[in-house]
Every structure is written in structure tokens, then in C-alpha cells.
Number of protein chains: 2
Amino acid sequence: MSSERNDQPTAEQEQFTLRMRSLGTRTVLYQQYVASSLGLYNNDYLSIDILHEKGPITAGELSKLTGLATGSVTALIDRLEKNGFVRRQTDPKDRRKVIIVPQYEDKEEVSETYDPLHAKMVELAASYTAEELKLITEFLGKASDVIEEQIYSLSAAPKSKSLPK
Amino acid sequence: MSSERNDQPTAEQEQFTLRMRSLGTRTVLYQQYVASSLGLYNNDYLSIDILHEKGPITAGELSKLTGLATGSVTALIDRLEKNGFVRRQTDPKDRRKVIIVPQYEDKEEVSETYDPLHAKMVELAASYTAEELKLITEFLGKASDVIEEQIYSLSAAPKSKSLPK
DNA sequence: TACATATATCTCGATTACCAAGATATTAGT
DNA sequence: ACTAATATCTTGGTAATCGAGATATATGTA
């Protein structure tokens, strides 16, 4: 075969990783801009996004997912609750737990802010054939999985420096 | 033709946008973890990433790109400079300007932290045929462009609420 | 040339997210 | 009952960020 294992990455593969990285940078920036235009702090909006994907979760789970200290999550939930983005609900099975329930019905601003991107993405999707879109969608899932793995290994890892110098 | 313009998105297209959003959430989280494991604040690492992509830019450009106030950028550059990630260089053509020059030679920690993800991404890329990878890489470019457009329209837009309450 | 205006960065004071550690409430195990 | 484990909240301190003004340089106009 023409390609061996553990070769240096090809030029095409490097081009691909570069594009992934660019996409990542823009994604982070976009997220920050959306958060600020909603009057939310980054982690507040990120948490809304996480809740959107995962559905109701406990405060502790959100702490693990975001990497924030539990005290920070308490304050974060306070803010989101005050603005009507979520509500607290105690778990009847374990009354120590606080379940965070997203409240999207009354909060169309979030979807409204996201809508233009969504529309553009649908448009982009429509420019591909069914087969191509399937390939891309599956790829996105795999890429997500790779990143999630990396998050796990980073959060498990030495954790090295703590921030305040 | 079988598909009309302005239809509702198909199930496949919705699936696609959902995956994009998941990827975005994970990307933001990953970025935060990397930043913290490098002992950097999010915007500091984000700025390094921007500099990595764009090369040397002025403080003002970084302010626009990150959405941070100019005063915040001053402090941010101070931190990065102190840690040797960048250096300041005055523009001989316009001595008001401060050009931020990335210093990667001595700072392998950054690439080291990024390497595992890079390796996994190369691996993922290698699982595709040349044609498929080309399709995906081109897609990534288009998706980046879409997000960049959205950032522009958000930063141009009302800007609505400012954060402190 | 002199002067006003625009632009780029920096400085300063105030606000507030965040962390770390301890406090409180509930559950689980013996 | 009693101890330990778990989940969230509270408190105090630190520092990133903002906003507004200060400083330095550049540009335009008479």
C-alpha cells in the first residue's frame, strides 16, 4: 500500500487540522459574542447550551461539565434563575441535589440570537447531496467524540497550574 | 426539482445543525480546559490562538477580534508578555501602534498541550479517502466563513445589553 | 506653521466572576 | 445511633474586565 502507519501527516491532513483549529477559534469567539449580546457571561451561556443538549442536570454535574467550582455554579444558577433561563428543582429521590431545569418557552431571545446562524447552517447543509451531508454529519459526531476524550484526559491530568499566579 | 427553496429543514439537516452545535459546545469547553492547564485565562489563550492564525497584529485589532475593551487588551498583553508568549513591538510607520508578535520558539508547552488533539485529528483524517477528506476540509472552511459572518453581524448589531446587570 | 481632530494605547477606579475552604443539609454504611 | 460520604451553599479574597479619561502620535486644514 502507498501509505504506511504512523507516517508524518500529509499536507492534506495538515490542512484539515488547520481548518479545524480555525473553526474552533471562531466558534469560541462566536459564543462569546452571543453571550454578551444576550447580556450573559460566557459560562452562563455555555451552561444554557449544555442544558440545551443534555436536558435537566444537577448543579454538581454542571460543575463537572463546565469545570467551575461548585460555589461558582451556585452563583451561576442564581443569575440564570433570576433572568428566567432556568429554574431550580429539588430531586425528590435525593434532597441534597438541585436539578437545573432549562426554561426555554419564555426565552425566545436565545433562539432568536441563534437563528441566523442556524439558518445559514441549514443553507450550507442544503448545498450538499444527501450522501455528502451524511458523511459530514457523521464526521462531526466523530470530531465531537475526539474533543470530548481530550477534555476528559485534560481534566484527569495533572491539572498543573492553578490560575491566580 | 424535488426540493424547493425555503422549505423547512429536513430531518437530516436538523441533525447536522445539532451536531454542529454540540461540536461548538465541546470546542468551547476544550478551549477553557487547555487554557487553564496552561495557567492562562481564556482570553489569553484565545488571543494566542488568534495570533497563531493571523500572525502579528496590533493591540487594537486584537481588541476588535476578541471584543475586549482596549484597557483589557493592554493588561492581557502585559500578562502574555511577562510569560514570554508574545512581545510588544512598536510600528515604525505609526508609533502609536503596538504590534503584538507571537513568540513560539520558546513556548513548546502550548503545542505540547495541543499535540494529543492534533494527533487524534490526524488519525481521524486518515480514516477518510482523499476525496472525502477534501470534501470535509472544504466544508470546514465554509462553516468557518459562516460563523465569521455571524460574528461580524453580531458585533455590528445593537450590541444590546452591557454585562454588569 | 499652527491648530483642531482623529486615532492608538495606556491608566485608574469600580464592579463582579471566580476560586478555595469551610458550613450546612441530606444520604449511606456499619 | 454514629460515622463517613456526598451535594450544595456561604464567605472572603483575588484579579479580569469595563468605562472613562489621560497621553502620545498622526492627519487634515487654514
Side-chain angles (χ1 to χ4, degrees), chain A residues 29 31-33 35-48 56-83 86-101 155 159-165, chain B residues 28-29 32-33 35-48 56-83 86-101 155 159-165:
Chain A
L29 282 171
Q31 196 261 7
Q32 292 194 358
Y33 272 98
S36 125
S37 78
L38 284 170
L40 295 174
Y41 294 94
N42 292 332
N43 282 319
D44 295 17
Y45 179 69
L46 180 60
S47 299
I48 288 180
I57 56 177
T58 68
E61 285 169 326
L62 187 58
S63 167
K64 283 199 192 77
L65 286 170
T66 56
L68 293 172
T70 61
S72 307
V73 169
T74 298
L76 186 153
I77 301 172
D78 287 345
R79 289 192 298 270
L80 290 182
E81 195 171 40
K82 185 175 351 178
N83 293 341
V86 304
R87 73 187 156 77
R88 278 182 168 89
Q89 182 182 300
T90 47
D91 187 342
K93 310 260 183 177
D94 183 344
R95 301 216 318 278
R96 290 170 304 180
K97 290 185 179 174
V98 166
I99 301 177
I100 316 166
V101 183
S155 57
K159 185 78 178 170
S160 58
K161 315 178 181 171
S162 69
L163 273 185
K165 175 60 178 312
Chain B
V28 172
L29 283 170
Q32 293 193 358
Y33 272 97
S36 125
S37 79
L38 284 170
L40 294 174
Y41 294 92
N42 292 332
N43 281 320
D44 294 18
Y45 180 69
L46 179 60
S47 298
I48 288 179
I57 56 177
T58 67
E61 285 169 327
L62 187 58
S63 167
K64 284 199 191 79
L65 286 169
T66 57
L68 294 172
T70 60
S72 308
V73 170
T74 298
L76 185 154
I77 301 172
D78 286 346
R79 290 192 298 272
L80 290 182
E81 195 171 40
K82 184 172 357 175
N83 293 341
V86 305
R87 73 186 154 76
R88 279 184 167 89
Q89 180 181 302
T90 46
D91 186 342
K93 310 259 182 172
D94 183 344
R95 302 216 317 278
R96 291 169 305 179
K97 290 185 180 174
V98 166
I99 301 177
I100 316 164
V101 184
S155 58
K159 186 75 177 170
S160 60
K161 317 179 180 172
S162 69
L163 271 185
K165 171 62 179 307

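Reminder, nothing fancy here: chain letters follow the sequence lines and each chain counts from 1.
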Checklist entry - Rounded to whole angstroms, how far apart are CD1 on B/Ile77 and P on C/dA8? => result 14 Å
Checklist outcome for this item: Ranking D/dC18, D/dT8, C/dA8 by distance to the side chain of B/Arg96, first place goes to C/dA8
Checklist entry - Taking only N and O in the side chain of B/Asn43, is any of them less than 4.0 Å away from OP1 or OP2 of D/dA16? => result no
Checklist outcome for this item: In whole angstroms, the gap separating P of D/dT6 from NZ of A/Lys64 amounts to 10 Å
Checklist entry - Would you say B/Leu80 and B/Ile100 make side-chain contact, with heavy atoms under 4.5 Å? => result no
Item to check | Comparing A/Gly71 and A/Asp94 on DNA chain D - which has the more 5′ nearest nucleotide | outcome: A/Asp94
Checklist entry - Taking atom CG of A/Asp94 and atom CD1 of A/Ile99, what is their separation to the nearest 0.5 Å? => result 9.5 Å
Checklist outcome for this item: Between CG of B/Asp91 and C1' of C/dT9 the distance, given in whole Å, is 13 Å
Checklist outcome for this item: Checking C/dC18, C/dA8, D/dA5 against the side chain of A/Leu68 (C-beta onward), the nearest is C/dC18
Item to check | Whole-Å gap separating P (D/dT17) and CG (B/Asn42) | outcome: 8 Å
Next on the checklist: Rounding to an integer number of Å, can you tell me how far B/Lys93 NZ sits from C/dT7 C1'?
Outcome noted: 18 Å
Checklist entry - Does the side chain of B/Arg95 come within less than 4.5 Å of B/Thr90's, by heavy atoms? => result no
Item to check | Whole-Å gap separating P (C/dT16) and CG (A/Asp78) | outcome: 15 Å
Checklist entry - Using a cut-off of 4.0 Å on non-hydrogen atoms, how would the nucleic acid contact of A/Thr58 be classed: base, sugar-phosphate, or nothing? => result sugar-phosphate
Item to check | Closest contact, heavy atoms only, A/Leu68 versus A/Ser63 | outcome: O-OG, 2.7 Å
Checklist entry - Between B/Asn43 and A/Gln32, do the side chains contain an N or O donor and an N or O acceptor separated by less than 3.5 Å? => result yes
Checklist entry - From the list C/dC10, C/dT26, D/dT25, which nucleotide is the closest neighbour of the side chain of B/Arg95? => result D/dT25
Item to check | Per B/Ser72 side chain, nearest of listed nucleotides C/dT11, D/dA26, D/dC18 | outcome: D/dC18
Checklist entry - Taking atom P of C/dC18 as reference, at what distance in whole Å does atom CG of A/Leu46 sit? => result 10 Å
Checklist entry - Could you give the CD-to-C1' distance, from B/Gln32 to C/dC19, as a whole number of Å? => result 14 Å
Item to check | Closest nucleotide among D/dT8, D/dA16, D/dA5 to the B/Arg79 side chain | outcome: D/dA16
Item to check | Proximity to the side chain of A/Thr74 - top-ranked nucleotide from D/dA7, D/dT10, D/dC18 | outcome: D/dT10
Next on the checklist: For A/Thr70 and A/Pro92, find the nucleotide of DNA chain C closest to each by heavy atoms; which residue's nucleotide sits nearer the 5' end?
Outcome noted: A/Thr70
